[in-house]
Amino acid sequence: KVDFEKEQLHQFGDKKFDFVVCTEVLEHLDNLHAMTQELLRVSNRYVLVSLPNSLSIFTKWNIMFNGHAGKFYGLPLEQPEDRHRWLFGYKDIDHYFKAICDREPFRINRKFLHMNFGHTWKGESLKNFVRLFQIDNACQSYWILLERTDK
């Protein structure tokens with residue numbers, strides 16, 4: 001086990017792993033930027049990251065009609081064990097990783113937006129509607145595959 005807030009990935013050497021995967025983790029860390037750099041440092045070839053689209057139309061809907069953004073946000077009376085520390089949308093994530101690839105020896109190999117709707121008729125209808133009208137902000141998570149260019 002590794003405490004990303006304290007230890008990061010210091011116990012691993014540079015370019016130690018061919019494929020580094022970090023899904024739905026960075027948004028929980030205060031040191032998101034430093035941890036992103038660590039993921040790149042230990043990767044010899046690929047880094048796959050997923051992050052939630054915290055500003056999706058569904059989050060905005062919840063805020064408007066329910067008064068809160070969901071279980072990972074807000075100001076609870078007791079300190080929660082698990083919460084998101086960052087509030088960003090898919091365009092912010094896209095901009096962030098493009099900037100990283102401008103500075104680091106990585107390129108964006110592939111990126112995609114994921115919708116996690118159920119397999120009910122309502123979920124399938126919503127997926128088809130979103131695809132048909134290309135409503136990117138309906139995605140619930142953003143996935144990006146970075147590839148090292150200085151192998």
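Residue numbers start at 1 and run along the sequence shown. Because only heavy atoms are used, hydrogens play no part in the values below, and waters and symmetry mates are left out as well, while side chains stay in.
In terms of modelled atom types and a separation under 3.5 Å, the side chain of His84 and the main chain of Glu27 share no donor-acceptor contact. Although no hydrogens or angles enter the test, the distance criterion places a donor-acceptor pair under 3.5 Å between the side chain of Glu5 and the main chain of Asp30. With hydrogens and angles ignored, the 3.5 Å screen pairs a side-chain donor or acceptor of Trp86 with a backbone N or O of Leu29. Under the 3.5 Å distance criterion, the side-chain polar atoms of Asn53 are matched with a main-chain donor or acceptor of Cys139. Side-chain atoms of Thr149 come within 3.5 Å of backbone atoms of Pro105 as a donor-acceptor pair (strictly under, hydrogens ignored). Side-chain atoms of Glu124 do not come within 3.5 Å of backbone N or O of Thr120 as any donor-acceptor pair. Panel note: side chain Glu38, backbone Leu9; a donor-acceptor pair is recorded below 3.5 Å.
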Arg85 vs Arg83, side-chain contact (heavy atoms from CB on, under 4.5 Å): CA-CA, chis, key distance, verdict: CA-CA 6 Å; Arg85 286 165 169 72; Arg83 69 175 287 123; 4.0 Å; yes
Walk me through whether Ser43 and Phe106 qualify under side-chain contact (heavy atoms from CB on, under 4.5 Å). CA-CA 10 Å; Ser43 171; Phe106 281 85; 4.2 Å; yes
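Note on Val2: it clusters hydrophobically with Leu32, by side-chain heavy-atom contacts below 4.5 Å among ILVMFWY residues. The hydrophobic clustering, which links ILVMFWY residues whose side-chain heavy atoms are closer than 4.5 Å, places Ile100 and Val25 together. Two different hydrophobic clusters hold Leu87 and Phe97 under the rule that ILVMFWY side chains link at heavy-atom gaps under 4.5 Å. Using a 4.5 Å cut-off between side-chain heavy atoms of Ile, Leu, Val, Met, Phe, Trp and Tyr, with links allowed through other members, Phe4 and Leu48 fall into different hydrophobic clusters. Phe17 and Leu145 fall into different hydrophobic clusters, where Ile, Leu, Val, Met, Phe, Trp and Tyr are joined by side-chain heavy atoms under 4.5 Å apart, directly or via other members.
Note on ring orientation: taking the six-membered ring where Trp is involved, the planes of Phe112 and Trp143 are parallel (angle under 30°, cut-offs 30° and 60°).
Minimum interatomic distance between Asp14 and Arg41 (heavy atoms only, all atoms of both residues): OD1-NH1, 2.8 Å. For the pair Pro52 and Ile93, the tightest heavy-atom approach, listed with the atom from each and the gap, is O-CD1, 3.6 Å. Gly89 approaches Asp92 most closely through the heavy-atom pair N-OD2, 2.9 Å.
Taking 4.0 Å as the cut-off between side-chain N and carboxylate O, Arg45 and Asp18 do not count as a salt-bridged pair.
A distance of 10.0 Å separates NZ in Lys111 from OH in Tyr90, rounded to the nearest 0.5 Å. The structure places CZ of Arg107 at 13.5 Å from CZ of Arg148, a figure rounded to the nearest 0.5 Å. Of the inter-residue distances, the one linking Ile144 atom CD1 with Ser50 atom OG reads 11.5 Å to the nearest 0.5 angstrom. Cys101 contributes atom SG, which lies 10.5 Å from atom CD of Glu147 (distance to the nearest 0.5 angstrom). In this structure, Leu26 CG and Leu39 CG are separated by 6.0 Å, a value rounded to the nearest 0.5 Å. In this structure, Asn31 CG and Gln37 CD are separated by 11.5 Å, a value rounded to the nearest 0.5 Å.
Taking the side chain as every heavy atom from C-beta outward, Lys98 and Ile108 approach each other to under 4.5 Å.
With hydrogens and angles left out, the side-chain atoms of Thr36 and Tyr96 include a donor and acceptor closer than 3.5 Å. Side chains of Asp94 and Tyr142: a donor on one and an acceptor on the other come within 3.5 Å.
For Arg103, the CZ atom sits in a packed shell: over 12 heavy atoms of surrounding residues, nucleotides or ligands are nearer than 6.0 Å. A 6.0 Å sphere centred on NE2 of His95 holds no more than 12 heavy atoms belonging to other residues, nucleotides or ligands.
Exactly one of Val20, Asn109, Val21 qualifies for a side chain to side chain contact (heavy atoms under 4.5 Å, CB included) with Tyr46. That residue is Asn109.
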